[in-house]
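For reference, the structure is listed below as structure tokens.
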Protein chains: 2
Amino acid sequence: MNTLRIEYEYQKNWLTKYTKKVNGLVLEIFDSVCILLAKAEQKHFQFTKKMLDERGLGITPGQMIILYTLYKQDGESITELGKRCFLDNSTLTGLIDRLERLQLLSRVAVPGDRRAYSIYLTDAGRAIREQVTEVMESVAQTMLAGCSDDEIAIFEKVLRNIFDKL
Amino acid sequence: MNTLRIEYEYQKNWLTKYTKKVNGLVLEIFDSVCILLAKAEQKHFQFTKKMLDERGLGITPGQMIILYTLYKQDGESITELGKRCFLDNSTLTGLIDRLERLQLLSRVAVPGDRRAYSIYLTDAGRAIREQVTEVMESVAQTMLAGCSDDEIAIFEKVLRNIFDKL
DNA sequence: TGCAAATTATTTGTATGCAAATAATATTTG
DNA sequence: CAAATATTATTTGCATACAAATAATTTGCA
């Protein structure tokens with residue numbers, strides 16, 4: 001008896017609705033929506049890193065988000081920037097260090113407050129805007145290929161709900 | 001003219017369907033579904049960490065996933081475990097170190113292959129199974145509160161699609 | 001059999017992320 | 001005005017993650 005039997009069992013509880021079973025045993029961890037969310041984002045992060053690399057942009061996914069936030073509005077303090085991209089100051093220090101080293105942004109002293117800096121995009125930072133957004137567009141298209149507009153709308157709604165509820 | 005005007009504009013492109021505008025400017029970065037996914041997971045991770053902490057389980061979200069994977073099946077090699085929880089060996093080394101230090105699992109030498117270890121849950125590791133799954137259930141319920149069964153089913157389907165496509 | 005290639009796990013280096021502690025500067029309050 | 005408090009950014013420590021390099025061992029092939 002060395003058969004491989006694969007079933008999908010309907011779940012009534014908090015587990016994802018259809019659970020994969022191999023020879024009667026659930027081995028796959030995606031029966032938890034928590035793990036499914038974490039692993040989808042893990043793949044998404046790695047894929048974005050690869051795309052940025054292939055495009056030769058020389059930036060990482062985290063740096064991309066900072067740039068995207070600055071494209072909406074730059075010249076704010078590190079704390080204000082952190083509020084818009086939902087990152088702690090201690091995380092931003094390193095990210096801004098690396099982006100400054102790449103000469104994509106610069107810390108500018110704030111007149112009247114010697115503790116603070118304003119973060120401004122440089123010309124080089126502004127110059128890669130189209131390429132950065134193109135990568136994000138491309139990643140979104142790839143990962144959502146095969147999903148209908150309605151499904152995508154619901155997906156976004158649930159993500160937004162998760163962000164707001166937690 | 002110092003009014004605060006907030007609108008939501010319908011988008012036809014790759015951006016999320018409804019985009020928040022403040023005085024005509026899009027400042028919010030959630031008009032990108034990529035960022036929305038990343039930030040929802042970021043919140044999810046932090047919330048899970050907090051829950052595990054409050055429950056006094058003494059483990060982290062990453063360790064929780066390893067335990068969940070082992071509850072499905074233990075006694076496998078590190079490489080095999082990594083395939084089921086989608087983690088690199090180099091990531092697992094540290095996670096397993098910490099879980100072994102907590103005496104929740106143990107590395108057992110494999111007879112016939114002196115390179116490999118089998119990873120087994122300890123009694124203590126098995127003892128917290130209910131509490132670990134309860135935390136995951138609780139996180140899922142909190143983050144999906146207010147979503148219908150249909151919406152959740154679609155959400156899971158899209159996450160699965162993302163994982164498979166990337 | 002003996003050497004090349006593959007496998008297994010670890011180490012090192014880099015990039016997120018947060019918490020807590022720190023240092024410098026501003027603000028508030030008595 | 002001076003001391004207490006708050007704010008701003010950084011540093012340090014810890015926890016994920018992967019890539020690339022390493023070490024030990026096993027497998028495959030000639």
Side-chain angles (χ1 to χ4, degrees), chain A residues 34-35 37-50 52-53 57-67 69 76-83 85-102 107-119 166, chain B residues 35 37-53 57-67 69 76-83 85-102 107-119 166:
Chain A
C34 291
I35 293 183
L37 171 59
K39 294 298 167 178
E41 168 52 21
Q42 186 180 316
K43 275 272 194 92
H44 165 247
F45 181 88
Q46 292 302 320
F47 185 77
T48 304
K49 194 165 83 171
K50 204 183 99 203
L52 288 166
D53 210 49
L57 276 170
I59 61 170
T60 59
Q63 296 167 15
M64 183 189 75
I65 293 180
I66 305 301
L67 290 179
T69 310
E76 291 181 319
S77 72
I78 291 178
T79 299
E80 287 303 313
L81 179 61
K83 279 178 192 159
C85 68
F86 307 100
L87 287 175
D88 195 89
N89 274 4
S90 59
T91 303
L92 280 170
T93 295
L95 277 164
I96 291 172
D97 280 350
R98 289 184 282 278
L99 283 164
E100 198 169 29
R101 210 175 307 135
L102 292 170
R107 284 174 171 93
V108 176
V110 172
D113 191 341
R114 293 197 294 173
R115 295 167 303 179
Y117 298 104
S118 293
I119 304 302
L166 303 186
Chain B
I35 293 183
L37 172 58
K39 294 298 167 177
E41 168 52 21
Q42 186 179 316
K43 276 273 195 90
H44 166 247
F45 181 88
Q46 292 302 320
F47 185 77
T48 304
K49 195 165 81 170
K50 205 183 96 200
M51 289 274 287
L52 288 166
D53 210 49
L57 275 170
I59 61 171
T60 58
Q63 294 168 15
M64 184 189 74
I65 293 180
I66 305 301
L67 290 179
T69 309
E76 290 181 320
S77 72
I78 291 178
T79 299
E80 287 303 314
L81 179 61
K83 280 178 192 158
C85 65
F86 307 100
L87 287 176
D88 196 89
N89 274 5
S90 58
T91 303
L92 279 171
T93 296
L95 277 164
I96 290 172
D97 280 350
R98 290 184 282 279
L99 283 164
E100 197 169 31
R101 210 174 308 134
L102 292 169
R107 284 174 170 94
V108 176
V110 172
D113 191 341
R114 293 197 294 173
R115 297 168 303 179
Y117 298 102
S118 293
I119 304 301
L166 303 185

Whether the B:Gln42 and B:Lys39 side chains hold a donor-acceptor pair (N or O, under 3.5 Å, no angle test) is what I'd like checked. yes

In whole angstrom, give the distance that lies between atom CD1 of A:Ile59 and atom C1' of C:dT14. 16 Å

Rounded to whole Å, CG of A:Leu67 lies from P of C:dT16 at a distance of 11 Å

Mark up nucleotides 13-26 of chain D, 5' to 3', with B wherever a protein heavy atom is under 4.0 angstrom from a base atom, S wherever such an atom reaches only the sugar-phosphate, and - elsewhere. --SSBBBB---BBS

Do any N or O atoms from the side chain of A:Thr48 and from the backbone of A:His44 form a donor-acceptor pair under 3.5 angstrom? yes

If I take atom CD1 in residue A:Ile66 and atom P in nucleotide C:dT16, what distance separates them, rounded to the nearest angstrom? 9 Å

Remember a base hit wins even if backbone is also touched, and classify B:Thr79 as base, sugar-phosphate or nothing at under 4.0 Å, heavy atoms. sugar-phosphate

Within this structure, what is the CZ-to-P distance between B:Phe47 and C:dC18, rounded to whole angstrom? 16 Å

Calculate the interatomic distance between B:Ile78 atom CD1 and C:dT11 atom P; express it in whole Å. 11 Å

Do B:Ile119 and B:Ser77 come close enough that some side-chain heavy atom pair is under 4.5 Å? no

Check whether any side-chain heavy atom of B:Lys49 lies under 4.5 Å from a side-chain heavy atom of B:Thr60, and answer yes or no. no

Atom-pair distance (CD1 on B:Ile96; P on C:dT8), nearest Å: 14 Å

Going by heavy atoms in the side chains, are A:Leu102 and A:Gln63 under 4.5 Å from each other? yes

Can you tell me the base-pairing partner of D:dA30? Count Watson-Crick or G-U wobble geometry only, both distances below 3.5 Å, and say none if there is no partner. C:dT1

Can a donor-acceptor pair be found, under 3.5 Å and without considering hydrogens, that links the side chain of B:Glu76 to the backbone of B:Ser118? no

